[in-house]
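Read through the structure below, which is laid out as structure tokens, and then see the notes.
Here is the naming used below: chain letters follow the sequence lines, and residue numbers restart at 1 for every chain.
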There are 2 protein chains.
Amino acid sequence: MGDGYHHGNLRQALIDAGLKLINESGEENLSLRKVALQCNVSHAAPYAHFKDKEELIEAIKESVTGSFMRELQEAIGKASNVDEEIVNMGKTYVTFFVKNPDYFKFLFGSQNIEAHLRCDNEYKDDYPPFVLLKEEYLKYLDAHNMRRSDDEKELDIIKLWSSVHGLASIACMTGVKTSLDWNDKILSDLRIT
Amino acid sequence: MGDGYHHGNLRQALIDAGLKLINESGEENLSLRKVALQCNVSHAAPYAHFKDKEELIEAIKESVTGSFMRELQEAIGKASNVDEEIVNMGKTYVTFFVKNPDYFKFLFGSQNIEAHLRCDNEYKDDYPPFVLLKEEYLKYLDAHNMRRSDDEKELDIIKLWSSVHGLASIACMTGVKTSLDWNDKILSDLRIT
DNA sequence: TTTGTCATCTTGACAGTGTAAAGATAGCTG
DNA sequence: CAGCTATCTTTACACTGTCAAGATGACAAA
């Protein structure tokens, strides 16, 4: 490693640089060449680590999703019962994106969202935040001794997800920050009926 | 008009061509030059009608929003009471985008959504579909003799909007079509409590 | 040590992009 | 008719993603 011909850990550096660029001026301002430049590396160097611009973007998305997951977990950890866990998680889901709408646009905005969620005809069962939501939901059912058919479960989860995701989406696309307390009110009401 | 030097109605032709390209291969495949080519016109001709690529995209979005509005109105027209109107509208909101997810990604996906919703620090009060939703909501309150404070109204509307929008968003981003009946179940339950 | 292999990085090239500037065209107004 | 002006063409430029050919150096085998 070092500052000679070989960078040392270019792959991660490219991801970080890309993330920085997105934070500064959104995805539309992200170019492979700028990312490379920021790493003091030639414009074609990224191709040793990513076959595509898309593949770099994918890696950056995974990085963002990682931060997202960490915040969700942390919020859950602070709760003292399952009901609170779900509410905390919902609030954090929205808050995370309200804090920087660019992330929402980046993750769910641009082109091939399917690629990132890697959905195989079902709303992605291994998209980490979704898995987490699912676990919390099942925990909730268990804690309340509720029995549900598989169909009812799917329905509940979609309902739960779409309410927080819709809130985040609207908050991010309208840029309205004043409604944060409304979100709170709505999310405090999150429960499975 | 005519096929000589001047096109006749290039502006609309460009919008139509752009719409077609998006339908065929998504927004990421849309370029000013392709649009111009499809209209048998030089690559710089669009600049007589749009100052920007962004301005053309904006015009296309307005066109899509127009179609969207027409379907919403039609759905409302088929209802026989206010409750049904709201449910129909909600279902159509989701169905319209499920029918062609590219439109959802185009409208709410790419970069400057704010520009399209032209929000001035409030969730767009002159974004047509939102205005329609608001009207329907007020009609609903009136029909049921319900009184609400302004804050409660805002809260209800956000709730209403985010539930249908979140559903549409998830449907479009996951590409899950099988859940259309779930959407129906959820949306049949749309009511202000 | 020497040799060879291989991932990594550079250089150079290419087609496609958005956009600006300067000029051509033709329809409209006087 | 003359002139104006919106519309369209041509030319040019910087920037993009991507590819191919080569340079570099780390590391393993000899």
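- The CG-P distance, from A:N9 to C:dT8, rounds to 11 Å in whole Å.
- Atoms CG (B:L14) and C1' (D:dC8) sit 12 Å apart, rounded to a whole Å.
- Between A:A44 and A:N29, the residue anchored closer to the 5' end of DNA chain D is A:N29, taking for each the nucleotide with the nearest heavy atom.
- Considering only side-chain atoms of A:R33, the nucleotide from C:dG18, D:dT16, D:dA20 that sits closest is D:dT16.
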_Test ring-ring contact (aromatic ring centres under 6.0 Å, His included) applied to A:F104 and A:F96, step by step_ = CA-CA 9 Å; A:F104 188 89; A:F96 177 82; over 10 Å; no
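- For A:K99, the NZ atom counts as densely surrounded, since its 6.0 Å shell holds more than 12 non-hydrogen atoms of other residues, nucleotides or ligands.
- One N or O donor and one acceptor, one from the side chain of A:H43 and one from the base of C:dG12, sit under 3.5 Å apart.
- In this structure, the CG atom of A:L10 is 13 Å from the C1' atom of C:dT10, given to the nearest Å.
- Rounded to whole Å, atom P of D:dT16 lies 10 Å from atom CG of A:L30.
- Within the nucleic acid shown, B:S31 comes within 4.0 Å of sugar-phosphate atoms alone, with no base atom in reach, counting heavy atoms only.
- Atoms CG (B:L37) and C1' (D:dT9) sit 14 Å apart, rounded to a whole Å.
- Candidate nucleotides D:dC8, C:dT11, D:dT18 were compared by shortest atom distance to the side chain of A:Y47, and D:dT18 ranks first.
- Within the 4.5 Å cutoff, the side chain of A:L21 has no heavy atoms near those of the A:N29 side chain.
- The nearest whole Å value for the distance from the CD atom in B:E28 to the P atom in C:dT17 is 13 Å.
- Here A:H49 lies in heavy-atom contact (under 4.0 Å) with sugar-phosphate atoms only.
- Atoms CD (A:E27) and P (D:dG17) sit 11 Å apart, rounded to a whole Å.
- Under the 4.5 Å side-chain criterion, counting only non-hydrogen atoms from C-beta, A:Y127 is in contact with A:T65.
- Residue A:K34 is in sugar-phosphate contact alone, with no base atom involved, counting any heavy-atom pair closer than 4.0 Å across all strands shown.
- In this entry the distance linking CZ of A:R11 with P of C:dC9 reads 12 Å, nearest Å.
- The closest side-chain heavy-atom distance from A:I57 to A:L30 is below 4.5 Å.
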